[in-house]
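Note that ligands are numbered from 1 as they come in the structure, with each ligand's atoms numbered from 1 the same way.
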Amino acid sequence: MAALDTIYFDNNATTRPLDEVVAAMQPFWVDAYANPSSVHQFGQSVKHAIECAREQVAALIHANPGEIVFTSSGTESINLAIRGALAMVPTKRKFVTTAVEHAAVVRLSEELDREGYEVILIGVDRDGRIDEEAWLAAMTDDTALASIQHANNETGVMMDVPRLAELAQSRGVAVHVDAVQTVGKVAVNVTDWPIQFASFSAHKFHGPKGAGGLYVRRRTRLKPLIVGGSQERELRAGTENTAAIVGMGVAATCCGEAMVETAARVGALRDQLERDLVAAMSIASVNGSQANRVYNTTNISFENLEAEAILILLSEAGIYASSGAACSSGSLQPSHVLQAMGTEASMAHGAIRFSLSRYSNEEEVVSVVERLPGLLARLSRLGSR
Ligand code: PLP
C-alpha cells in the first residue's frame with residue numbers, strides 16, 4: 001500500500017483507479033456475475049453493461065462502438081493488431097516500426113524477425129522525433145503494416161501520428177497506433193487519423209488492470225489471436241472480464257470530462273518539477289525537452305549517476321518514480337529509447353522518469369525538488385558510477 005506520506009510519480013507504469021471506477025465495478029464481482037453470453041435476462045443485463053462501456057470508450061476516442069474490441073491489456077491489443085493484420089496479407093513480409101517502441105512492440109518485432117519478416121526500425125533524433133524521410137522510404141509494396149506509438153512511455157515524446165499515418169497511407173500501408181500512453185490523457189480522435197488500428201489500456205487512465213482495447217476501423221480485416229466463443233465479434237474469444245470492462249468505461253467518461261482541466265493543471269506541475277530540478281542541480285537535464293511531449297511526463301538524466309541507485313534512494317524516501325520502462329527495471333542496460341536518441345552513456349545510465357497524474361499536487365512537486373539534491377549528493381559521495 002502506498003502510505004499517505006509517499007509521493008507517487010510513476011503514473012506511466014500504472015495509475016490509481018478512480019473512486020467512481022471502483023464503485024462501478026463492485027456489483028459485477030458480487031451480484032451481477034452472470035455470463036454476458038447467456039440468453040437469460042440476468043446474462044443480458046450484464047451484456048448491456050458491457051455495451052454501455054463500449055459506447056463510453058468509443059466516445060472517448062471518437063470511434064463507433066462497433067469499432068472497439070475489448071482485450072485484457074495494451075499488450076494484448078498490440079499483439080492482436082500486429083499479428084492479426086499481418087496474417088491477413090501473408091504475401092507481404094515487411095513490418096515497419098520505430099526504434100523507441102514499448103517492449104510489447106519491440107519483443108513482437110524480434111519474433112517477427114525470427115519468423116522471416118523484414119523488420120524496419122525507424123530512428124529518431126536527439127529529442128526522440130522520428131525521421132520522416134526514412135519512415136516514408138520504408139513504405140514499399142511489400143510493407144504489410146506500420147506501427148507507431150502516439151507517445152513514448154519513457155520520455156513522453158509525442159509522434160505526429162496524423163502526418164506519419166498519412167505518409168504510410170499514401171503508399172497504401174495500413175497503420176497501427178500504440179496510443180496506450182495517450183488515450184484518456186490527451187484528445188485522441190481516431191476518425192481524424194488515417195489509421196486502421198489503435199491500442200489502449202484502462203490502467204493507464206485510472207481504470208482497472210486487466211482491461212484494454214483495440215480500435216479497428218470499420219471494414220478492416222483482422223485475424224483473431226484467441227479463438228473459441230463468439231465474444232467481441234469473434235475477434236477475441238473468452239468470457240469477458242465484465243467488472244474491468246465496466247470500470248474502463250467509467251474511467252473513459254471521467255477522464256474525457258476532466259481532460260482539459262487535468263492537462264492544464266498537471267502540465268503546469270510537470271513543468272514546475274522539471275524547471276526547478278534542472279535549476280537546482282547542474283547534473284540534471286531533461287530528455288526530449290525540445291519535442292512535443294505528453295503533459296504528465298518528464299525524463300531527467302542525472303549525469304554520472306546510476307538510475308537504479310537513485311530509484312532505491314527515492315523509494316526509501318517515499319518517492320516512487322521509474323527508470324524508463326518499468327519492465328526494464330533490474331537491468332543495468334540503459335534504455336533502448338535513450339540509446340536511440342543518441343543520449344551519451346553518462347546521461348542515459350542516470351535517467352529517471354517522473355510521471356504525474358490528476359492525483360499529483362504542488363506540495364509533492366515542491367517536496368521532491370527540495371529533497372532530491374540532498375539525496376543525490378549522498379550518491380555522488382558514494383561514487384554511484
Ligand atoms: N504501450 C505503451 C506505450 C505502454 O506504455 C505500455 C505499458 O506501459 C504498453 C504498451 C502495455 O500496456 P499494458 O500494461 O496494458 O499491457
Side-chain angles (χ1 to χ4, degrees), residues 8-17 21 57 61 68-83 97-110 121 124 128 130 147-159 161 164 175-186 188 195 197-215 225-226 236 241 244-245 247-248 251-252 255 288 291-299 320-331 335-338 340-341 351 353-357:
Y8 185 77
F9 280 175
D10 198 18
N11 288 280
N12 284 10
T14 200
T15 54
R16 175 179 153 183
V21 166
V57 166
I61 61 170
I68 302 294
V69 178
F70 288 135
T71 65
S72 67
S73 60
T75 300
E76 187 191 330
S77 301
I78 288 166
N79 276 264
L80 172 59
I82 297 176
R83 283 243 176 245
T97 187
T98 82
V100 292
E101 297 299 309
H102 181 267
V105 177
V106 174
R107 294 283 101 78
L108 181 52
S109 301
E110 289 167 0
L121 303 182
V124 294
I130 192 167
S147 183
I148 181 135
Q149 64 192 181
H150 190 200
N152 184 271
N153 44 301
E154 297 186 27
T155 60
V157 170
M158 291 182 69
M159 300 292 177
V161 166
L164 296 165
V175 177
H176 163 253
V177 178
D178 172 358
V180 169
Q181 286 296 344
T182 51
V183 166
K185 287 186 205 164
V186 302
V188 167
I195 64 161
F197 310 101
S199 296
F200 52 90
S201 179
H203 75 101
K204 306 291 187 183
F205 58 95
H206 303 288
K209 291 153 192 73
L214 181 66
Y215 158 77
L225 282 182
I226 302 172
R236 204 279 187 176
N241 184 354
I245 290 171
M248 175 159 63
C255 288
N292 184 24
R293 287 176 296 149
V294 190
Y295 57 82
N296 78 315
T297 309
T298 183
N299 186 299
Y320 301 140
S322 210
S323 62
C327 42
S328 75
S329 290
S331 100
S335 113
H336 70 287
V337 174
L338 296 181
M341 288 163 66
R353 174 186 75 187
F354 299 96
S355 46
L356 282 58
S357 81

- Who are the residue neighbours of ligand 1 when the rule is a heavy atom under 4.0 Å from any of its atoms? Ser73, Gly74, Thr75, Ile78, His102, Asn153, Asp178, Val180, Gln181, Ser201, His203, Lys204

- Message: With a 4.5 Å cut-off on side-chain heavy atoms, are His150 and Gln181 touching?
- Response: no

- Task: Taking the side chain as every heavy atom from C-beta outward, state whether Arg293 and Thr298 have any pair of such atoms under 4.5 Å apart.
- Result: yes

- Message: Checking side-chain polar atoms at under 3.5 Å, does Ser322 have a donor or acceptor matched by the opposite partner on Asn12?
- Response: no

- Query: Distance from Lys209 atom NZ to Met248 atom CE, nearest 0.5 Å?
  - Reply: 13.5 Å

- Item | Atom pair OG/NE2 of Ser147 and His102 - distance to nearest 0.5 Å | 12.5 Å

- Partners meeting ring-ring contact (aromatic ring centres under 6.0 Å, His included) with His203 (sequence neighbours left out): none

